[in-house]
J.: 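This is the structure, below, for whatever I ask next.
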Amino acid sequence: MMKTKIALAVLLTTFALAPASAAKEKKAKPAAGKVVKAAAGKSAKAGKAAKAPKAKAGKSAPKAEEAPAPVAAAVASGPAERSSDRRMDYNSMQFLTAQWRLDPEGAIRAGKYDGAASLTIPNAATRAHRIAFTDEWLKKFAKFDPRALSDKQRTDLALLINKLKADRWHLTTLREHEWNPALYNIAEPIDLILTTEYAAKPQRLRTLLKRLANVPAYYQAAQASIVNPTHEHTQLAIAQAPGTITVLADLGKAAQESILTQQEKAIFAQRIANAGTALLRYIDFLDALDKSQQQKQSARPFRIGKELYEAKFGHDIQAAGSAEQTYQKALAAREELLVRMDGLADQLWTKTMGGAAKPQDRTRKIGMVIDKLSANHVARENFFPEIRRQIAVLQDFVVKNNLLTLDPKRPLEVRETPLYQRGIAGASIDAPGPYRPQDRTFYNVTPLDALTAQDAESTLREYNHWILQILNIHEAVPGHYAQLVYANKSPSLVKSLFGNGAMVEGWAVYAERMMLEAGYGDNSPEMWLMYSKWNLRVVTNTILDYSVHVNGMTQAQAMDLLVRQAFQTNAEASEKWRRVQLSSVQLTSYFSGYSEIMELREQRKQALGPKFALKEFHEQFLGYGNAPVKVIRELMQ
Ligand code: ZN
Ligand code: ZN
């Protein structure tokens with residue numbers, strides 16, 4: 001709170017009180033941080049605004065790192081094309097146009113800026129309108145017979161119907177707008193409009209000037225929508241306020257330094273001040289509400305409970321089984337991993353621990369060997385060059401071992417994460433949004449320069465010799481990046497925008513195991529042990545999420561599950577505990593997708609016998625785009 005008020009005071013004195021003088025100090029802005037960014041669902045990247053993890057609604061759309069970029073809109077043609085396919089294409093395009101008109105913020109995230117000047121007021125009328133919209137389009141799409149459609153159209157139809165039903169359920173049943181104050185945040189679209197070069201800067205600033213006019217109404221509607229928030233989401237909203245103030249300050253500065261007229265600059269300064277004041281009023285309201293709720297112990301619990309959990313899992317993950325079945329599968333997978341790790345630790349004991357006494361306790365023994373092996377890592381200055389070197393090695397391995405055809409015409413560009421995107425550690429694929437296919441795909445790696453010696457060592461031990469290779473398999477080849485290239489081969493805007501996150505994450509997790517099975521890492525016990533630790537994280541995410549939201553697992557139990565039983569650092573485990581309080585279901589997507597792909601592969605092996613070929617299976621599987629695994633399974637029969 002303090003920080004926010006000081007920041008606002010600075011903001012007001014700098015821009016509202018002296019707009020003319022600010023315009024004169026025209027400092028040359030450094031080029032860094034002006035990189036175009038546009039990706040579907042890039043909600044975790046409000047730059048400076050989103051240091052804290054956002055309580056994302058966890059819709060099924062893939063995250064930024066996975067959003068593919070089709071080359072063209074889904075207007076297929078050809079003599080054999082059925083009329084029902086053409087009708088479906090037409091309806092999809094009509095739907096998208098209507099959808100972006102209804103949701104300009106979603107459009108901005110997808111890289112479409114036509115409606116960027118209007119800020120949606122999050123009030124009851126808007127929500128009623130959106131519910132009516134889902135009903136209207138569900139009715140339209142219900143008229144299609146899936147059996148009369150091609151595979152591509154049929155999967156598009158399934159995704160659209162699911163998206164509409166999910167939207168409806170989120171609005172009418174989950175009702176997050178009543179209990180998650182962090183949903184109301186104006187920063188991300190402002191940041192995207194300001195930093196994405198989709199148009200000349202003065203034009204983008206004028207768009208923002210219009211957008212700012214309604215910010216006070218926005219926060220009034222937000223306040224009126226809150227009914228009984230959770231303490232955790234209230235705290236998140238309060239913690240994110242200084243980030244929003246920073247975005248407003250950056251915008252104010254950009255406006256004053258621009259070629260806008262003096263009059264425009266004066267209005268700009270006034271609107272920014274009004275926006276800041278409205279935000280602070282909202283934060284004051286939350287602060288007071290939180291205090292009284294804490295006193296009365298009346299806050300809504302952050303655990304969503306079994307009923308909502310199952311329903312949310314159904315909408316967001318779209319697995320063949322239930323959440324509870326997936327949880328049970330994860331428990332079994334966990335035990336299998338630990339048995340295997342136990343054997344590997346025995347195998348490696350003398351090599352790593354010499355004559356040290358071996359503990360009876362399985363978990364302790366495995367932990368000691370992992371700890372010892374983690375000392376094997378690259379030097380901090382070699383972190384970035386080593387990743388770049390490995391990508392070529394991985395590509396070679398995939399091609400030589402007949403695992404997947406790779407497209408050499410679209411090489412992946414490894415680069416240091418742009419400054420404005422840093423804050424989330426590690427590495428990620430940064431793909432352009434579906435409306436900006438001309439932008440390149442990058443593999444962002446955050447260098448360790450900014451870390452203290454101790455933090456760098458901790459990160460390097462985490463991404464040690466073996467895990468670093470597994471990370472590259474997951475993010476790049478044959479994980480997310482390779483999947484993306486395949487998804488682009490059958491371009492579908494619908495699948496890019498509303499694709500299934502569990503399939504996308506599941507593929508990357510599957511790729512790790514598949515590479516090791518094919519002999520990557522020479523089947524060394526060290527590689528398998530580190531892989532198992534990495535895979536255990538994915539399995540544990542599912543167990544944690546279900547246990548916390550459905551079974552009431554406490555913080556102490558969660559920390560024990562993560563640190564002692566899954567060999568994670570305290571820092572990683574604390575971050576995970578925070579995430580599980582602010583989100584639900586999303587943490588299960590990795591394991592859910594992975595286990596379904598493994599099952600599907602075994603089924604195909606059984607069905608095809610000696611005719612089964614791994615490469616064909618992979619290419620056929622990826623050829624359907626970002627559809628749920630259960631839908632792909634039907635199409636593969
Ligand atoms: Zn070290
Ligand atoms: Zn991933």
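The analysis underlying the following values was restricted to heavy atoms, covering all of them including side chains, and did not include hydrogens, waters or symmetry mates. For the single chain, residues carry numbers from 1 onward in sequence order. Atoms within each ligand, like the ligands themselves, are counted from 1 in listed order.
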J.: Examine all N, O or S atoms of E505, backbone included, and report whether one is under 2.8 Å from the Zn ion (ligand 2).
T.: yes
J.: What class does the angle between the rings of Y510 and F617 fall in, given that below 30° is parallel, 30 to 60° is tilted and above 60° is perpendicular?
T.: perpendicular
J.: Side chains of Q390 and E386 only: does a donor on one sit below 3.5 Å from an acceptor on the other?
T.: yes
J.: Given atoms NE2 of H377 and OE1 of E457, what angle do they subtend at the Zn ion (ligand 1), to the nearest 10 degrees?
T.: 90°
J.: To make sure I understand the geometry: which N, O or S atom in H474 is closest to the Zn ion (ligand 2)?
T.: NE2
J.: List the atom of R380, the atom of D449, and the distance in Å for their closest heavy-atom pair.
T.: NH2-O, 3.4 Å
J.: Is there a donor in the side chain of K152 and an acceptor in the side chain of S492, or the other way round, less than 3.5 Å apart?
T.: no
